[in-house]
Asks: 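Dumping the structure here so I can ask a few things about it.
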Amino acid sequence: MQPVRVRFAPSPTGPFHIGGARSALFNWLFARRYGGVFILRIEDTDLERSSRESEENILAALRWLGLDWDEGVEVGGPNGPYRQTERLELYQRYAEQLLSQKDAYRCYCTEEELAAEREALLAEGALSGYSGRCRNLSPEDCARLEAEGRKPAIRFRVPDNQGTIVVRDLVRGEVSFDCSDIGDFIILKSDGIPTYNFAVVVDDHCMSVSHVIRAEEHLPNTPRQILLYNALGWETPQFAHVSLILGKDRSKMSKRHGATAIEQYQEKGYLPEAMVNFLALLGWSAGGEEEIFSLEELTRQFSLERVSKSPAVFDLDKLNWLNGHYIRQSPIEYITDLSIPFLEKAGYLKTPLTPERYEWLKEVIALVRKYLVCLDDLKDHVGIYFNEEVEVLEEEAREALTAPHVPALFEALARLVLDCPALSAEAAKGLLKAAGKEAGVKGKQIFIPVRAALTGSIEGPDLDRIMAILGKERVARRLAAALDRGL
RNA sequence: GGCCCCAUGGUCAAGUGGUCUAAGACACCGCCCUUUCACGGCGGUAACCCGGGUUCGAAUCCCGGUGGGGUCACCA
């Protein structure tokens, strides 16, 4: 069996899309699973829209997800260069070959002419490919057209005796297309830049790609590519077309469905582990009941046979749940480290942190992480630990402070806390109880007002741990402040 | 419109002719845990698109509808 060589070949024309990330992941998993090579190639032949900036975004996002590549931009390799705009002579050469084989011809039609032609065809209700106007131009015709100042594009001549083309697809089985439905298509634009269908074939062949794993939207292109492989005398790779990721309305996921860029999720504080896990579950399943998978576990289990044929709706709820799961389950140091930039951004933290401050922060994160969907949510949960004062009191919290036993309770608690040598969570628990005893109350009568005074809310994490995090002075001060307010 | 793909609960999905009065997960609802909220635990509601075949037997195979989607560029 031939060695596994797969590639991810994005166009750097915008933010890195969820769908692209899944294609990259599946290719990467396939390569790792079978001990193959994962190639990263940049398809930047759309000069108008391509940019180095988005290329860099893509690379950064891949690295963030934990997907590395063996050959490709930045890392190099024996089949480079890995940017299509740096491989132009190659395409030129093979276009010449097709030209000389008469499998391609020069087309002098202008874009305007073609657009008009298409419109006319569409009006008749019979939209198909190119009319074939330039199919059989004589050298004299060509010379005349060129004298008019027209620059030719090169078109592939779709054979008319080919019948049907069968795409053998690893996820969809055999898919046949009728050759007569395929019009002659451009392989080299008039500016010498190859089109997608041509460049992809030349590159996949020259890079010895064994399996082409990509999104289903490319399935209708595949017969054209097979035609090119045949004309050039090359063996076709194996194809695997993965179904699309859909938005809530079941159309192909796009910006109007919400955040589609990987970067946006990164910025909101989604963990790469959650993203990878989620993406893998979109169109693939392990078959068992387990749904939590690390990259390593996925590598062990991934296979194309278990890739689904039907499209999958992007389910933010599930992503959110997965992310929360990873936030709760990952080592606390890891989550703390990831949290720091978000806390800085929210103005709560200035780095560098002293070791004591870091330990303190760990306690805070450990306490609040069960409330988080993403790390960006931190800002809504940590104010009471970073601020000196409690700012707003909820209505119910305010009410809780009006109970008659509150002054006595708070006075006792404040005194006990200040007298206490070290306010650990455990100590706090005892003090709460003792203060209640002094004031002649227990249970909710203790906890609700104290919580209200310390946090401004009647719900939240364990009170004893909150007290330990706040420290003696702030606890005493907030109790006193609540009392003042009540008077 | 032509061509192509797809079709199990709201969503992701298991299921490859009998063990399906159809698994699991998310979401939703209820109960428990808890000073509260959340986390967690337990339980519940909820599905084989329709019609024909094939077969002793069909969610599973075939055909036809219907529905959804993709694609028809000198974009990729």
Side-chain angles (χ1 to χ4, degrees), chain A residues 9-11 13 43-46 48-50 84 107 109-111 114-115 118 121-122 124-130 151-155 167 169 172-173 175-178 180-183 185-197 199-200 214-223 241 243-244 246 248-252 278 281-292 306 308-322 324-325 328 368-372 381 396 400 432 436 442-448 450-452 455 457-464:
Chain A
S11 297
T13 54
E43 309 215 327
D44 56 350
T45 54
D46 186 338
E48 293 287 303
R49 297 192 300 148
S50 295
Q84 291 187 325
C107 172
C109 299
T110 64
E111 288 190 61
L114 292 170
R118 220 171 4 249
L121 243 39
L122 196 60
E124 286 171 36
L127 177 66
S128 76
Y130 177 60
K151 271 207 152 58
I154 296 177
R155 248 179 224 280
V167 178
D169 192 285
R172 330 201 80 88
V175 184
S176 1
F177 295 85
D178 196 328
S180 57
D181 291 331
I182 303 172
F185 54 93
I186 290 178
I187 56 175
L188 218 56
K189 306 181 217 174
S190 53
D191 61 1
I193 307 289
T195 58
Y196 165 73
N197 280 125
V200 83
R214 71 209 339 177
E216 192 190 341
E217 52 191 315
H218 290 294
L219 190 51
N221 278 323
T222 309
H241 288 93
S243 59
L244 262 18
L246 272 27
K248 270 247 177 300
D249 64 355
R250 304 209 131 256
S251 67
K252 191 162 88 168
F278 177 66
L281 257 22
L282 230 39
W284 173 86
S285 78
E289 296 192 353
E290 183 62 36
E291 294 211 310
I292 301 294
R306 297 210 59 89
S308 167
K309 291 202 271 200
S310 46
V313 172
F314 182 93
D315 182 8
L316 187 60
D317 280 331
K318 186 129 186 184
L319 205 213
N320 284 343
W321 173 77
L322 271 168
H325 171 86
R328 274 171 250 125
V368 302
R369 64 167 158 177
K370 62 188 173 186
Y371 296 97
L372 308 177
H381 295 274
E396 287 136 305
L432 248 5
K442 56 184 178 177
K444 289 186 182 188
Q445 291 178 297
I446 305 172
F447 288 98
I448 303 264
V450 172
R451 176 181 294 285
T455 71
S457 168
I458 57 163
E459 53 195 44
D462 295 339
L463 202 46
D464 46 359

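Convention: sequence-line order gives letters A, B, ...; per-chain numbering from 1.
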Asks: Base, sugar-phosphate or nothing for A:N221? Non-hydrogen atoms, less than 4.0 Å.
Replies: base
Asks: What is the minimum heavy-atom distance between A:Q84 and A:V200, and which atoms define it?
Replies: NE2-N, 4.2 Å
Asks: When we call it a touch if two heavy atoms are under 4.0 Å apart, what does A:C109 touch: a base, just sugar-phosphate, or nothing?
Replies: base
Asks: Write down the distance separating the C1' atoms in B:A13 and B:A7, rounded off to the nearest Å.
Replies: 14 Å
Asks: Using the side-chain heavy atoms of A:E216, tell me which of these nucleotides is nearest: B:C37, B:G69, B:C74.
Replies: B:G69
Asks: Determine, stepwise, if the pair A:D249 / A:S251 fulfils side chain to side chain donor-acceptor pair (under 3.5 Å).
Replies: CA-CA 6 Å; A:D249 64 355; A:S251 67; 3.0 Å; yes
Asks: B:G41 and B:C4: how far apart are their P atoms, nearest whole angstrom?
Replies: 49 Å
Asks: Sub-3.5 Å donor-acceptor pair from the side chain of A:R451 to the main-chain atoms of A:P461, do we have one?
Replies: yes
Asks: In whole Å, what separates the C1' atom of B:G9 from that of B:A23?
Replies: 13 Å
Asks: Over all strands shown, is A:R49 touching base, sugar-phosphate only, or nothing at heavy-atom distances under 4.0 angstrom?
Replies: base
Asks: With respect to the side chain of A:E291, which nucleotide from B:C6, B:G69, B:A25 is positioned closest?
Replies: B:A25
Asks: Nearest-Å distance, CH2 (A:W321) to C1' (B:A25)?
Replies: 6 Å
Asks: Starting from the 5' end of RNA chain B, give me the residue, A:R451 or A:P194, whose nearest nucleotide shows up first.
Replies: A:R451
Asks: Which nucleotide, if any, forms a Watson-Crick or G-U wobble pair with B:A76, using both distances under 3.5 Å?
Replies: none
Asks: What's the CG-C1' distance between A:D178 and B:U71, to the nearest Å?
Replies: 16 Å
Asks: Check every strand shown and say whether A:N320 touches a base, only sugar-phosphate, or nothing at a heavy-atom separation below 4.0 Å.
Replies: nothing
Asks: For A:D464, does its backbone N or O pair with a side-chain atom of A:D462 as donor and acceptor, under 3.5 Å?
Replies: no
Asks: Select base, sugar-phosphate, or nothing to describe what A:G460 touches, counting heavy atoms under 4.0 Å on all strands.
Replies: base
Asks: If I pick the C1' atom on B:U11 and the same atom on B:U45, what distance separates them, to the nearest angstrom?
Replies: 16 Å
Asks: Parallel, tilted or perpendicular, judged at 30° and 60°: which one describes the rings of A:H381 and A:Y371?
Replies: parallel
Asks: Does the side chain of A:K189 get closer than 4.0 angstrom to OP1 or OP2 of B:A76 through an N or O atom?
Replies: yes
Asks: C1' atom, B:G18 versus B:A59: distance in rounded Å?
Replies: 13 Å
Asks: Side chains of A:L219 and A:D169: closer than 4.5 Å at any heavy-atom pair?
Replies: yes
Asks: Can you tell if the side chain of A:S243 reaches within under 4.5 Å of the side chain of A:K309, non-hydrogen atoms only?
Replies: no
Asks: Please report the distance, rounded to the nearest Å, between CZ in A:F185 and P in B:U71.
Replies: 18 Å
Asks: It should be established whether A:T13 places a side-chain nitrogen or oxygen under 4.0 Å from OP1 or OP2 of nucleotide B:A76.
Replies: no
Asks: Base, sugar-phosphate alone, or nothing: which one does A:G283 contact when heavy atoms must sit under 4.0 Å apart?
Replies: sugar-phosphate
Asks: When you measure from the side chain of A:V175, which nucleotide among B:A27, B:C39, B:C5 comes out closest?
Replies: B:C5
Asks: Work out how far the P atom of B:G51 is from that of B:G69, and round it to whole angstrom.
Replies: 24 Å
Asks: Find out whether A:I186 and A:N197 are in side-chain contact, i.e. whether some heavy atom of one side chain is under 4.5 Å from a heavy atom of the other.
Replies: no
Asks: Can you tell me how far P in B:G30 sits from the matching atom in B:C49, rounded to whole Å?
Replies: 31 Å
Asks: Write down the partner of B:U11 under the Watson-Crick or G-U wobble criteria, each distance required to be under 3.5 Å.
Replies: B:A25
Asks: If you compare all heavy atoms of A:W321 against all heavy atoms of A:R328, which two are closest, and at what distance to 0.1 Å?
Replies: O-NH2, 4.4 Å
Asks: When you compare B:C50 with B:U8, how far apart are their C1' atoms, in angstrom units rounded to a whole number?
Replies: 15 Å
Asks: Considering every strand and a 4.0 Å limit on heavy-atom distances, what is the contact class for A:D46: base, sugar-phosphate, or nothing?
Replies: sugar-phosphate
Asks: In the strands shown, is B:C49 matched to any nucleotide by a Watson-Crick or G-U wobble pair with both distances under 3.5 Å, and which?
Replies: B:G65
Asks: For a quick test of reading the model: is some side-chain N or O of A:T45 closer than 4.0 Å to OP1 or OP2 of B:A76?
Replies: yes
Asks: Which nucleotide in the set B:U11, B:A76, B:A13 lies at the smallest distance from any side-chain heavy atom of A:E43?
Replies: B:A76
Asks: Categorize A:S243 for me: base, sugar-phosphate, or nothing, with a 4.0 angstrom heavy-atom threshold over every strand shown.
Replies: nothing
Asks: Measuring to OP1 and OP2 of B:G40, would you say a side-chain N or O of A:R328 lies under 4.0 angstrom away?
Replies: yes
Asks: Nearest to the side chain of A:K252 - B:U36, B:A76, B:G70?
Replies: B:G70
Asks: Nearest to the side chain of A:D181, heavy atoms from C-beta on, is which of B:C3, B:A76, B:U36?
Replies: B:C3
Asks: Report the nucleotide, chosen from B:C6, B:U35, B:C5, that has the shortest atom-to-atom distance to any side-chain atom of A:D462.
Replies: B:U35
Asks: So does A:S190 reach the base of B:C74 with its side chain, donor to acceptor, closer than 3.5 Å?
Replies: yes
Asks: Using a 4.0 Å heavy-atom cut-off across all strands, classify A:L244 as base, sugar-phosphate, or nothing.
Replies: sugar-phosphate
Asks: Would you mind reading off the distance between A:R214 atom CZ and B:C5 atom P, rounded to a whole angstrom?
Replies: 16 Å
Asks: What's the CD1-C1' distance between A:I186 and B:A76, to the nearest Å?
Replies: 15 Å
Asks: Just compare B:C6, B:G70, B:C37 and give me whichever is closest to any side-chain atom of A:R172.
Replies: B:C6
Asks: Taking only N and O in the side chain of A:K370, is any of them less than 4.0 Å away from OP1 or OP2 of B:C37?
Replies: no
Asks: Does a nitrogen or oxygen in the side chain of A:R250 sit under 4.0 Å from OP1 or OP2 of B:C12?
Replies: yes
Asks: For B:C74 and A:K151 - does any side-chain N or O of the residue sit under 4.0 Å from the phosphate oxygens OP1/OP2?
Replies: no
Asks: In whole Å, I'd like the distance from the CZ atom of A:R306 to the P atom of B:G24.
Replies: 16 Å
Asks: A:Q84 CD to B:C75 P: how many Å, rounded?
Replies: 13 Å
Asks: Indicate, with a heavy-atom threshold strictly under 4.0 Å, whether A:H241 touches base, sugar-phosphate, or nothing.
Replies: nothing
Asks: So does A:R118 get a side-chain nitrogen or oxygen closer than 4.0 Å to the phosphate oxygens (OP1/OP2) of B:C74?
Replies: yes
Asks: Paired with B:U71 by Watson-Crick or G-U wobble geometry, both distances under 3.5 Å: which nucleotide is it?
Replies: B:G2
Asks: Would you tell me whether A:S310 and A:S308 have side-chain atoms, one donor and one acceptor, within less than 3.5 Å of each other?
Replies: yes
Asks: Under 4.0 Å, counting only non-hydrogen atoms across every strand here, what does A:L463 touch: a base, just sugar-phosphate, or nothing?
Replies: base
Asks: The side chain of A:K318 lies closest to which of these nucleotides: B:A25, B:U35, B:U71?
Replies: B:A25
Asks: Taking pairing as Watson-Crick or G-U wobble with both contacts under 3.5 Å, can you name the mate of B:C31, or confirm there isn't one?
Replies: B:G41
Asks: Could you state the atom-to-atom distance from CD of A:E217 to P of B:C6 in whole Å?
Replies: 16 Å
Asks: With centres under 5.5 Å and planes under 30°, do A:F447 and B:U35 count as stacked?
Replies: yes
Asks: Between A:L319 and A:S310, which residue's closest nucleotide on RNA chain B lies nearer the 5′ terminus?
Replies: A:S310
